[in-house]
There are 2 protein chains.
Amino acid sequence: MAKERKKTVASLQELADLAGVSRATASRALNDNPMISEKTRARVQALAAEHSFSINRQARAFRLRRSNLIAVVFMLDVKSDQHMSDPFFLEMLGGIADALAERDYDLLLTHAPVTDVLGLRNGRAFQQADGIIFIGQGEQHDALNELTEEDTPFVVWGGPVGEKRYILVGGDNHGGGHAATRHLLDAGRRRIAFFGNTRNPEIAARHAGYAAALAERGLEPDPELTVDVPFDMPHARDVTSRLLETARQFDGVVCASDVIALAAISTFAALGVRVPDDIAVVGYDDVALASYSSPALTTVRQNIRWAGRVLVESVLGLVNGDDVTDTQLQSELVVRDSSMRRTGGSAPE
Amino acid sequence: MAKERKKTVASLQELADLAGVSRATASRALNDNPMISEKTRARVQALAAEHSFSINRQARAFRLRRSNLIAVVFMLDVKSDQHMSDPFFLEMLGGIADALAERDYDLLLTHAPVTDVLGLRNGRAFQQADGIIFIGQGEQHDALNELTEEDTPFVVWGGPVGEKRYILVGGDNHGGGHAATRHLLDAGRRRIAFFGNTRNPEIAARHAGYAAALAERGLEPDPELTVDVPFDMPHARDVTSRLLETARQFDGVVCASDVIALAAISTFAALGVRVPDDIAVVGYDDVALASYSSPALTTVRQNIRWAGRVLVESVLGLVNGDDVTDTQLQSELVVRDSSMRRTGGSAPE
DNA sequence: GGATACTTTGCAATCGATTGCGCGATTTCC
DNA sequence: GGAAATCGCGCAATCGATTGCAAAGTATCC
């Protein structure tokens, strides 16, 4: 009797009957349509709440041709096998999810190893979602350009590229790469390597910043020290150890991600190279776990959660037909290893 | 002219017209309904492919009252603030996403800090999705029981609990906790702590395994050494350092997650405690990054991607009205620190 | 050949919400 | 007091696919 929830009302029609109005009026009342009188609106809404009625979203989506769904597509490079275990993705996803929830949108997660991005045209993302967020460009830049022909709008998280027809949101990769490299230079390092796949636009920009920082000090980047390290741990480890065997003449390394950095550090340790004494390492992304390595990892912070918000605002802007422009977010060097500075060869402790 | 994609066909009606059949026949042909002759079916499907027609999923979902969407809800404890930065979640999500994609389902991600789980009843997950996967029970066990009243079926990843009315999938938490503890005991440790929030059912089971392992060796677990460490790094660090100040009489610690373990190790290091010489640490989950800490972290592996598959199969089983039972997956100790054994007080290096 | 059975296809209702248009009632204005 | 403007609401079409049922066409049997 004192049941808090009354018999639930299934359809708009039932609610209308209950309120003694037509379906049309009930619909308008729920949507705060000004055509409806204040009194009627209040009554209908009260009844809706009382009977815990909520509109059938399927029907609504069908009628309005609008699902309130935004798809998130992770562009995973199969070759370099940057897979989801990079915490960066999760934090980004969290940021996007939160921002979408605030705007009353839902998140459709599409996680396909994307070799053929164009195949997405016939996939769910383009069919069901009102808009799409691509995380990363991988090496699929041209395919993305082609997707702009479709009528589902999208934005991309990534790095600068040449001919671009889509909306891009990204960090200041050039600045980040520059700051990271500069940090090592300031610590007295001279032979600085770069670990990362420069075919990826974001990483290419970081690498450009790296090269620029070297140039400012009159240093020429050694091509042999730019290594295409895959994103995931096991591979990174292999490549790193191989490099150490063949050309151990470097004393610092700028990594394209924290995961790479941690893999490198771990590998160095296994091979008896001391970090940061022999080789100093800088990461990228400032994932939560990075601060807990020992020594704590110096890295470039991107405000990932905020990035998620910007992505959401951009894509919803497109959905609503607003003018949307590219966005570049700040990146910031986070220095954690105060003892990296070269003091003349003596290792502390 | 040699355009590979002909003018796309928007609706079933158009396709039917093109094929010279009725909408009904076209629909049945596309769905391989045996009522339709082989010839007609082939013709319709060929035309559909040729004009890259794909059914309007909104309309279909509306008509069939079935969206082919499975919602994934992360149960985040606000108090203990276990947030998404734990890579465990991401790997699980990847496993679920893959398994769903194979079954032609999509993933609706719902990421709400769930204080009031019952509020989900009116949320999107219950409205749009055909089924739901909850990741973790948090401390919301009773609320979950109540949700079984709703008509959207769901399964839960988590640990054993008392009165349970829902389908549960989980790892062998008791066995894992036992193995982890046993490992430390075998290495000669005697004062072993447990870090984790035992109000969480999974962790409670791990703790039970921990206690059981101690008991087998005639040791009584010291309540003071069971510490409710929050899941995220900063808090874990605080709590850990406090513990060290007040009661530093332990030589091993079983952690409820790798993230906690890494935080603990980092804290120990900062406080001058040597790992594993002074205190040996075992983690849980075997997240990718764990293997790269130094020393590499011994941990309990759960096959998370497989877990994702099992969750998907279970929830789809429920959706289809099959009988579904609880599942317990294997857990396995991964030993990475060969040098942990106590050798009489002499620290190597 | 005619009746019966089976196969193949089409008709039309249906799912639930939204919205253009029109109608009656009320207010406003002169 | 009457015409015009305004307000509040309902009628009915509509979105696109699915499906029970009936009808038309074809094969089978005696």
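In what follows, every chain begins at residue 1, and chains take the letters A, B, ... in the order their sequences are listed.
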If a protein heavy atom is under 4.0 Å from the base, mark B; if only from the sugar-phosphate, S; if neither, -; do that for nucleotides 10-15 of chain D going 5' to 3'. BB-BBB
Go through the side-chain N and O atoms of B:Q137 and B:Y166 and say whether any donor and acceptor fall under 3.5 Å apart. yes
Figure out the CD1/C1' separation between B:I36 and C:dT8, and round it to whole Å. 7 Å
Taking CZ from B:R60 and C1' from C:dG16, how many angstroms apart are they, rounded to a whole number? 18 Å
D:dT18 phosphate, OP1 or OP2, under 4.0 Å from B:N31 side-chain N/O: yes
Give the rounded distance in Å between these two atoms: CD of B:E38 and P of C:dT9. 11 Å
Can you measure A:L30 atom CG to C:dA17 atom C1' for me and round it to whole angstrom units? 10 Å
Presence of salt bridge, A:R23 and A:D17, under 4.0 angstrom: no
From D:dC9, D:dA17, C:dT8, pick the nucleotide closest to the side chain of B:S37? C:dT8
Nearest whole Å is fine: how far is D:dG16 P from A:Q58 CD? 16 Å
Spacing between B:R66 atom CZ and D:dA17 atom C1', to the nearest angstrom: 15 Å
Atom pair CG/CD1 of B:L311 and B:I167 - distance to nearest 0.5 Å: 11.5 Å
State whether A:T40 places a side-chain N or O below 4.0 Å from either non-bridging phosphate oxygen (OP1 or OP2) of D:dG8. no
Can you see whether B:D32 engages B:Q45 through a side-chain donor-acceptor pair at a distance of less than 3.5 angstrom? yes
What is the distance, rounded to the nearest whole Å, between atom CG of A:L12 and atom P of C:dT18? 7 Å
Can any side-chain N or O of A:N145 pair as donor or acceptor with the backbone N or O of A:R165 at less than 3.5 Å? yes
I need the CZ-P distance between B:F53 and D:dG16, as an integer number of Å. 10 Å
Between A:R309 and A:E102 (salt bridge meaning N to carboxylate O under 4.0 Å), is one present in this structure? yes
Examine the side chains of A:N68 and A:R66 and answer whether a donor and an acceptor come within less than 3.5 Å of each other. yes
